[in-house]
Amino acid sequence: MRSGTGAPAEGAARLLAAAGGLALLLLYTYVDVGPLGPLPDMYEPFLTGDKQLTLVAQTVAVLATGYLLLTRERSPRRHRR
């Protein structure tokens, strides 16, 4: 069994999920978006201890997933006969 991120589409989905979480954390820290539909106004202009930990974890997830996508071994294409 191979280790790594799996299929390229699976790895890309993992990268998008991690990057999306990081983007939302930064967006709601630095931009007052206001309420969006059923979501309340989540703007907090400061980083608490929990937000700092989440920021570090999300950044590590984005960097690690990107690294794995770029360095994983690619298997040769198999041709059907």
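Only this structure's heavy atoms are used, side chains among them; waters, hydrogens and symmetry mates stay out.
- Glu10 CD to Leu69 CG: the interatomic distance, rounded to the nearest 0.5 Å, is 10.0 Å.
- Nearest heavy atom pair, residue Tyr43 against residue Val31, reads CD1-O, 3.2 Å.
- By the side-chain hydrogen bond (donor to acceptor under 3.5 Å, both in side chains) test, Thr29 is found to be paired with Lys51, residues two or more places apart in sequence or in another chain being considered.
- Legend: residues meeting side chain to side chain contact (heavy atoms under 4.5 Å, CB included) with Leu36, ordered by chain and number and at least two apart, are Tyr28, Val33.
- With side-chain heavy atoms closer than 4.5 Å counting as contact, directly or through intermediates, the hydrophobic cluster containing Val60 also holds Val56.
- Scored by the side chain to side chain contact (heavy atoms under 4.5 Å, CB included) test, Leu16 finds no partners at all (sequence neighbours excluded).
- Of the possible donor and acceptor atoms, none in the side chain of Gln58 sits under 3.5 Å from a partner among the backbone N and O of Ala19.
- Note that the CG atom of Asp41 and the CG atom of Asp32 stand 4.5 Å from one another [nearest 0.5 Å].
- Residues satisfying the side chain to side chain contact (heavy atoms under 4.5 Å, CB included) criterion with Leu55, sequence neighbours excluded, are Leu22, Leu25, Leu26, Leu47, Thr59.
- In this structure, the side chain to side chain contact (heavy atoms under 4.5 Å, CB included) partners of Tyr67, at least two apart in sequence or on a different chain, are Thr71.
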